[in-house]
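Input: a single structure, listed below in structure tokens.
We're numbering straight along the sequence, starting at 1. Since the structure is predicted, the reported quantities are computational estimates derived from the model, not experimental observations.
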Amino acid sequence: MKNLIKPLRHHIPAVLIIVCLLIVQAFCQLSLPSYTSDIVDVGIEQGGIEDAAAVQISEETMEYLQLFMDEDDIQIVEDAYTLEDGIWYLDEEISDTEEISDTLQMPMVMVYQLSALSEDSFKEMMEEQLSMEEGALAEISLEELGAMMGLELDTSENEDGETTVNMLPLLQTMQEAGQLDSDALLDMADSAMEQYGDSSDLIFASVAIEEVSAEYEKIGVDQDQLQRQYLFRIGRRMILMTVLMSVAAIFACYFASVTSAKVSKRLRHQVFDRVLSFGNTEIDQFSTSSLITRCTNDIQQVQMTMVILLRIVLFAPILAIGGIIRVLSSQTGLAWIIVVAALAMTGLIIGLVVVAMPKLKIIQKLIDKVNLVSREILDGIPVIRAFGRERYEEKRFDEANDSLMRVQLFTNRVMSFMMPCMMFVMNGVNLLIIWFGAKGMDEGLMQVGDLVAFMTYALQIIMAFMMIEMISIMLPRSGVAANRVYEVIQTESEIRDSENAASFEDLSFRGELVFDHVSFSYPGADDPVLKDICFTAKPGTTTAIIGSTGCGKSTLVNLIPRFYDVTEGSIRLDDVDIREISQKKLRDQIGLVPQKGFLFSGTIESNIKYAGESVTDEYMEDAASTAQATEFIDQKNDRYQSEVAQGGTNVSGGQKQRLSIARALAKHAQILIFDDSFSALDYKTDVALRRELGQKSAKATVLIVAQRISTVLYADEILVMNEGTIVGKGTHAELMKNCETYREIARSQLSEQELALNGGDL
């Protein structure tokens with residue numbers, strides 16, 4: 001996981017922008033359920049009346065309300081309202097009505113209850129106020145009771161046909177007569193609140209809204225218009241939040257995609273640069289197929305995961321935390337359900353990672369194996385067909401493919417198993433919320449809108465955990481891919497430039513090569529490949545190296561451009577150890593034709609001019625002529641602009657070798673190395689090429705590795721190698737006299753007449 005996050009350190013500003021956008025998106029998304037709750041509770045059930053702070057109150061009702069207020073509350077209300085034509089109007093400049101609503105709520109409840117008091121309740125209250133025994137007024141009618149008190153009671157009938165009494169005028173009269181003081185009325189209100197216990201707040205708020213609605217109806221306020229205005233206002237807010245959420249999500253996706261693409265580009269660049277700096281040892285360590293997989297499949301996996309990381313991995317916790325905060329602030333008493341669900345989800349995710357992680361670590365290795373087998377089969381199709389091994393190769397590919405399939409099926413099945421578990425938890429949570437929410441509504445602890453909002457928040461929290469669960473499979477696999485990529489990036493090449501390399505940058509080299517007691521062993525090998533090699537190759541001379549297969553000829557010339565570094569001894573270029581020269585400076589002095597000729601896709605011109613802009617058209621044509629390549633180039637319609645397929649598959653082996661030789665000659669290097677580069681040439685072309693080469697490279701140091709005696713006959717010095725050592729050194733004539741190994745090679749390739757003609761000793 002560390003290597004998966006590491007690339008983001010170069011894109012911190014973009015990550016911060018994404019985080020801010022995700023916070024905005026989460027805030028908007030979490031705001032929508034509360035607006036839905038407001039629409040249900042306030043817009044529909046309460047008719048658009050938000051709280052007890054009525055916008056209009058009749059003068060009579062205001063007098064009744066003030067019966068249940070202390071002096072401070074009365075002052076708050078009078079400061080907020082203005083009396084005009086018998087109506088108190090709420091000041092339009094007041095935006096926050098919370099304090100006013102809190103002040104008016106209890107008086108509204110008392111006015112609502114006392115304005116329509118049942119006959120029995122009225123008599124009980126009067127018995128309490130007059131300090132009479134309980135039931136003393138039970139047999140007395142309301143008319144008689146009013147006559148006893150010297151008052152005309154305000155009575156009416158409710159919807160059920162029962163007689164109700166408006167006690168407010170009586171209380172007002174009793175207060176004016178001094179029979180009731182303000183403290184007694186306030187105590188009456190407090191006693192009413194205590195009767196409702198824990199559910200008093202919600203019930204009192206609902207009753208206060210009923211009183212406001214009744215007041216609006218009494219003074220002629222259009223409540224339908226009021227409801228429509230509220231619904232439109234909340235609807236506009238929801239649309240605004242939805243648009244803002246969409247814009248934030250779009251820009252978050254955009255920045256996440258751009259950032260992940262830049263991360264992928266940077267990783268590919270780093271891997272490519274690192275691979276170019278590798279010596280043969282590091283290339284052998286990773287293998288070509290593995291490097292290709294790491295540079296393509298693994299980095300693509302990292303890029304895909306990076307988008308998910310920046311969008312989901314960051315968004316899911318923000319959404320979950322925000323949802324939990326909303327749930328805890330809702331005061332529904334159902335937060336424990338979310339805690340249980342979160343613990344269940346966490347347990348499932350941990351179980352998923354524990355079960356799947358061991359398999360995920362080997363997926364990339366199996367992909368490497370499939371790529372390796374595929375590449376070998378594609379490269380070796382002619383051989384496979386020639387030997388009739390199609391069935392065998394199909395079986396080998398099927399084995400690698402089946403191994404990968406089994407591991408992927410396992411992880412997919414685990415993922416498929418986890419999804420029903422997540423859905424079970426989610427549906428179980430919904431069931432618990434509905435069950436206990438219904439009880440809460442029955443007890444007056446919550447409203448329908450609160451339950452709808454809570455269910456939505458719970459769903460969002462669970463969805464956040466489900467998103468985390470869905471990527472919990474991908475993240476470990478991508479972590480493995482990132483580790484493989486960084487394994488390449490962090491691998492240091494054994495071939496490094498010396499600290500003193502800069503001091504030789506301006507030095508001009510003549511090209512004299514000295515092998516001073518050079519020995520070399522491949523990493524991990526028990527025995528050295530080269531042992532105590534000593535010779536000098538001077539400018540203007542040709543040094544040929546010949547020997548049996550596997551004797552170390554190619555290894556020897558690969559030490560010159562530092563594809564490997566010597567194990568013992570040293571190689572000097574003009575008396576300077578090549579390890580003290582920068583790799584670029586050293587390789588600028590060398591024109592190399594490898595044992596296996598390789599051409600790049602492009603044109604003949606681009607391949608010959610591969611050394612760079614220093615190769616002019618004149619150099620190119622001269623090199624092609626020397627390499628005997630003009631013969632077939634001139635036969636092509638586009639000549640030097642003729643297309644070359646990938647790997648040079650549209651040219652013959654001999655043509656490929658000649659173009660490779662022309663590429664090295666066009667560089668005009670001080671040192672020319674031909675590693676068995678004439679093997680695919682016919683004798684006529686070989687002779688013509690070597691003749692031209694001798695003339696064109698008169699000042700260069702030439703090293704030729706060859707299997708054929710005819711190629712090295714006229715070299716200035718021939719080195720004969722056997723089992724990693726030089727067993728003979730000299731001209732052809734000298735070696736025929738004093739080197740048995742050379743004589744055996746010569747006699748195996750040339751007839752006695754040919755040997756005699758070339759100065760050999762029969």
Any idea which heavy atoms bring [X] and [Y] closest together, and the distance?
{"X": "Ser115", "Y": "Leu168", "value": "CB-CD1, 4.0 Å"}
{"X": "Ile219", "Y": "Ser58", "value": "CG2-CB, 3.7 Å"}
{"X": "Leu104", "Y": "Ala53", "value": "CD1-CA, 4.1 Å"}
{"X": "Ala252", "Y": "Leu21", "value": "N-CD1, 3.6 Å"}
{"X": "Val212", "Y": "Ala52", "value": "CG2-O, 3.9 Å"}
{"X": "Ser101", "Y": "Asp51", "value": "OG-CB, 3.1 Å"}

Quick one: side chain to side chain donor-acceptor pair (under 3.5 Å) partners of Gln229, sequence neighbours excluded? none

Sorted by chain and number, sequence neighbours left out, side chain to side chain donor-acceptor pair (under 3.5 Å) with Gln29 holds for none

Should the heavy atoms of other residues, nucleotides or ligands under 6.0 Å from [atom1] of [X] be counted, would the total exceed 12?
{"X": "Tyr35", "atom1": "OH", "result": "yes"}
{"X": "Glu99", "atom1": "CD", "result": "no"}
{"X": "Lys265", "atom1": "NZ", "result": "no"}
{"X": "Gln225", "atom1": "CD", "result": "yes"}

Is any side-chain heavy atom of [X] less than 4.5 Å from a side-chain heavy atom of [Y]?
{"X": "Tyr64", "Y": "Met110", "result": "no"}
{"X": "Phe68", "Y": "Asp73", "result": "no"}
{"X": "Val207", "Y": "Met108", "result": "no"}
{"X": "Glu215", "Y": "Gln56", "result": "no"}
{"X": "Leu90", "Y": "Thr97", "result": "yes"}
{"X": "Met306", "Y": "Leu8", "result": "yes"}
{"X": "Val55", "Y": "Tyr89", "result": "no"}
{"X": "Glu211", "Y": "Val109", "result": "no"}

CA sep, side-chain torsions, deciding dist, call: Val19, Leu314, side chain to side chain contact (heavy atoms under 4.5 Å, CB included): CA-CA 7 Å; Val19 170; Leu314 291 180; 4.0 Å; yes

Between [atom1] of [X] and [atom2] of [Y], what distance do you get to the nearest 0.5 Å?
{"X": "Ile100", "Y": "Ile76", "atom1": "CD1", "atom2": "CD1", "value": "8.5 Å"}
{"X": "Leu432", "Y": "Asn427", "atom1": "CG", "atom2": "CG", "value": "11.0 Å"}
{"X": "Tyr230", "Y": "Gln223", "atom1": "OH", "atom2": "CD", "value": "15.0 Å"}
{"X": "Phe232", "Y": "Ile239", "atom1": "CZ", "atom2": "CD1", "value": "10.0 Å"}
{"X": "Tyr112", "Y": "Ser213", "atom1": "OH", "atom2": "OG", "value": "9.0 Å"}
{"X": "Leu231", "Y": "Arg236", "atom1": "CG", "atom2": "CZ", "value": "10.5 Å"}

Backbone of Lys6 reached by a side-chain donor or acceptor of Arg9 within 3.5 Å: yes

Side-chain (Ser31) to main-chain (Phe27) donor-acceptor, under 3.5 angstrom: yes

Ser257 and Ser260 side chains, donor-acceptor separation under 3.5 Å: no

Would you check, one step at a time, whether the test side chain to side chain contact (heavy atoms under 4.5 Å, CB included) holds for Leu83 with Ile87? CA-CA 6 Å; Leu83 180 62; Ile87 303 294; 5.7 Å; no

Check the pair Thr103, Val77 against side chain to side chain contact (heavy atoms under 4.5 Å, CB included), reporting the backbone distance first and the verdict last. CA-CA 8 Å; Thr103 303; Val77 172; 3.9 Å; yes

Apply side chain to side chain contact (heavy atoms under 4.5 Å, CB included) to Glu71 and Gln66, showing your working. CA-CA 9 Å; Glu71 294 182 358; Gln66 291 180 352; over 6 Å; no

Check ion pair Arg233-Glu50 (N to O, under 4.0 angstrom): yes

